[in-house]
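Below, each value reflects all heavy atoms present in this structure, side chains not excepted, and no hydrogens, waters or symmetry copies.
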Amino acid sequence: MAAEASIATDTSAWAANLRCSLLGQRGSVQQDWGAIETAVRTFTEESALAKQVFRDDPSAFGLLYFSHLHQAGIAMMLGEPARVERVLEEEAPLYAEHLAARAVLKLQLGFAWLEVARREARPEDAQRARESLEAALADTELSERERTSGTLRLAELELEQHHLERARELWRSADAALAAQGASKSREMRRSRVLAARLALESERDSVELVRLRDELSDELDAFLDEWRAIGAREGGYGLMHHDLTLSLFNEFTRLALATEGDEVGARHAFAKLMEAHAASSLARRLSAPAPTLEELRDVLVSDAGHGALVYLAGPARSYVFALDRERLTVHEIADEFAIERARRVLVGELLATGGGVLGSEACSASRTLAAELLPPDVRARIATWRTVGACGLDLFLGDVPFEALDLGDGRMLGVDRATYVLPSLAVGAALARESTRALGPLTAVRLLAMPVVAPRIATEYELAPLELSDRAIDDVLAAYPEELRAIVRRGDARPGAMLGSGSDGVQVLQILAHGVRNETNPHGASFALTPEDAQDDGLFDARDVERTYANRAAPAVVVATACRAGSGAQRRGDAAATDLVGAFLGAGSRVVLASSYDIDLEVARRLSKRFHAELWSGASPAEALRIAREELLGDPQFAALAQPLLVRIVGLGGASPFTRIVAKETDGEHTRWFAALAVGLTVVVVLAGVWMRRRA
């Protein structure tokens, strides 16, 4: 960091060159992680600096060119071809002298239009993508490697437009070129094999060829997973399945497994591959969680009747959802990730349109549309028999999916109709379930940190108004617990150090009722805005602070994070909860975290958490406790139209109560009262019998 600071203040030409290179490398890592918003800012800074360097030193064309390639990469990921068009137009005189570089940018423009065509599904965008790709491929300055890549993308477009023969012709040309280039282990060869599988399945080829293609994709998946396992831990997470090519590998393998092995065996085979990918995620590694077996998942996640799990696998051509309970594993094809993204985008926009999250008629309509994409009829028939629904793989879509707000029909919202929870991965779910078999002992400590006094600088920077809640209202949140179990730390005392408590067993249920803030440049997700420990502390408490705080003891089993956007973090597709507060608590020993990725009203947070605690203490699972709390709040006319209760979710092992002795404690009390009543009754009988005997005498 000191060296980087030194370079930043150095005004020499070499330092500017080095800063530009570092920005490009940093942006590439952020892009690979899936932190697109942060990468855009980094690449924008790189582009401005590269222009300055090139003006001072025309021999530094390479820096400027790479900054333009980075802009093209962002254009493809965001579906914004105008970024590349602007570069080609503004820098036309420059690229007239660098024809090979111009040819590559023209190809990147075609890729960006292809992304738009997939995202928006408009015929005019598909035609623009075709024209752009064909123009780039016609450029004689394009290298053979780049030409092969462009040909494969054009073949994909033709296949998606149902031009099967044209797609096959282009694929054969590209595959032959790859063989001539000796690119057997390249990313483009993987793309070619995926395309070969899609073409074969569309053509209804014979089973021998389909088995061969299935085995080829199986080998490619094994190689891909070996590559990721060999990569050391990254502070910012992985983005394991960030690229559409990776998702396509899993999707087409699933499709081939079903076609060659039948629905039951094929589903098991594909599910096993998916579980291996889940075990390669950051949080799974942190928990030393191996890939679970199907039998283990049945034993630890869905062993009870009425429990089931939905595991999603997104993809650019199609997506799948696996439905698992103790009886069966089935797999169902659903829409591609772009169709789901269009429905998701509309729903989230409607839910947040007013800033307060209102569940109006437009939002309900959007909810039904997204539900139709994610919960096809066969899946709805499965979950109709489940009381508790776990969801996994929601991070593979292009944004946060409001799963609990899906409309099942007749206005029945999934998160009210069923107890729901979310798992970051199957491997994490199995690891948490294994840990839950260890008895926690009696619940002895519940702690609430409420209404911290935010540092003035933080309040100004994030525009945070003081939280206003009376002491009586604060006390009421934990009213369901016996007085000796609960501790409330409020206002100026609500510092980070107060989370630990003083008992030897530590805090078992922790709630933080505070402002939450999210700095998009921070890869560690949102932060709680707590009372600073001292004048040097800003009071912000993020995922790294969770890890430090609980380095030598387990985090609370249940964490109730009632703070705006406490569940948000940089998206790492295939690496859910890698760096955010939720993942940090789970990695530190928590079983369950309640949080929202959106803003939440203070009174909603208070009312929702109060009933949640009451149900948890009565012995309900966290998922069922939150379902009941949602149902109660939405049944109140004051809150009936609010979507916020449906945007708060349980992450972790939500299907079972982590406190096996809560019910026992209540039952023991009932037994004590029963025995006391019996003793009194027997005493009365004995006394009356004595009186009767004396009278007879």
Side-chain angles (χ1 to χ4, degrees), residues 20 23-24 26-28 30-32 34-52 54-55 61-139 141-142 146 149-150 153-154 156-157 160-161 242-244 316 336-339 341-342 344-346 348-349 398-399 520-521 571:
C20 194
L23 285 169
R26 182 181 302 163
S28 296
Q30 292 163 346
Q31 183 179 354
D32 185 51
I36 304 305
E37 294 177 359
T38 307
V40 169
R41 284 189 289 270
T42 302
F43 285 144
T44 300
E45 186 179 351
E46 176 209 23
S47 181
L49 184 56
K51 286 181 181 180
Q52 176 188 323
F54 181 71
R55 280 196 303 268
F61 170 73
L63 285 176
L64 186 62
Y65 173 54
F66 279 115
S67 77
H68 291 161
L69 285 180
H70 292 150
Q71 289 294 321
I74 289 295
M76 187 171 67
M77 299 192 72
L78 296 179
E80 297 179 358
R83 288 175 176 266
V84 190
E85 291 174 334
R86 192 160 48 245
V87 168
L88 287 169
E89 181 180 330
E90 293 176 354
E91 305 292 349
L94 173 64
Y95 281 108
E97 301 175 13
H98 299 276
L99 297 178
R102 184 181 67 178
V104 173
L105 284 174
K106 286 167 62 178
L107 184 62
Q108 294 295 318
L109 176 61
F111 292 166
W113 274 112
L114 178 59
E115 185 72 13
V116 171
R118 287 170 166 170
R119 284 177 182 248
E120 305 303 332
R122 295 183 301 223
E124 60 269 26
D125 293 329
Q127 181 58 29
R128 186 68 184 272
R130 180 182 292 107
E131 291 170 355
S132 298
L133 287 169
E134 288 176 343
L137 293 173
D139 194 318
E141 295 293 333
L142 198 65
E146 298 286 357
S149 178
R153 300 295 183 89
L154 183 56
E156 290 174 351
L157 175 62
E160 289 159 11
Q161 296 297 307
H242 171 64
H243 296 287
D244 282 342
D336 64 71
E337 62 177 328
F338 301 107
E341 168 60 13
R342 290 192 291 274
R344 186 202 72 84
R345 201 165 52 204
V346 171
V348 171
L398 297 175
E520 297 295 340
T521 63
Q571 189 182 22

Identify the heavy atoms of [X] and [Y] that sit nearest to each other, and give their distance.
X	Y	answer
A126	Q161	CB-NE2, 3.6 Å
G27	F43	C-CZ, 3.2 Å
L105	H68	CD2-O, 4.1 Å
S149	F111	OG-CZ, 3.7 Å
L142	A136	CD2-O, 3.6 Å
E141	D139	N-OD1, 2.9 Å

Roughly how far, to the nearest 0.5 Å, is the [atom2] atom of [Y] from the [atom1] atom of [X]?
X	Y	atom1	atom2	result
H70	Q108	NE2	CD	10.5 Å
E131	Q127	CD	CD	4.5 Å
L64	L69	CG	CG	10.0 Å
E115	E80	CD	CD	11.0 Å
E46	K51	CD	NZ	11.5 Å
E45	L23	CD	CG	4.5 Å

**Electrostatic pair E85:R128 at N-O distance under 4.0 angstrom** = yes

**Prompt:** Charged N to carboxylate O below 4.0 Å: is that the case for R118 and E156?
**Reply:** yes

**Message:** salt bridge (Lys or Arg N to Asp or Glu O under 4.0 Å), that's the test. Do R344 and E341 meet it? Break it down for me.
**Reply:** CA-CA 5 Å; R344 186 202 72 84; E341 168 60 13; 2.8 Å; yes

Got [X] and [Y] here, is their nearest side-chain heavy-atom distance under 4.5 Å?
X	Y	answer
V84	Q71	no
L94	R102	no
K106	S132	no
L398	F338	yes

**Request:** List the steps and the verdict of side chain to side chain contact (heavy atoms under 4.5 Å, CB included) for V40 and R83.
**Result:** CA-CA 11 Å; V40 169; R83 288 175 176 266; 3.8 Å; yes

**Check: R130 side chain, L154 main-chain N or O, donor-acceptor pair, under 3.5 Å** = no

**Message:** Tell me whether S47 contacts the main-chain N or O of T44 through its side chain, where contact means a donor paired with an acceptor under 3.5 Å.
**Reply:** no

**Asked** M76 and L114: side chain to side chain contact (heavy atoms under 4.5 Å, CB included), yes or no, with the steps?
**Response** CA-CA 8 Å; M76 187 171 67; L114 178 59; over 6 Å; no

**Asked** Do other residues, nucleotides or ligands put more than 12 heavy atoms under 6.0 Å from the CD atom of E124?
**Response** yes

**Message:** Using 30° and 60° as the class boundaries, would you call the ring planes of Y65 and F61 parallel, tilted or perpendicular?
**Reply:** parallel

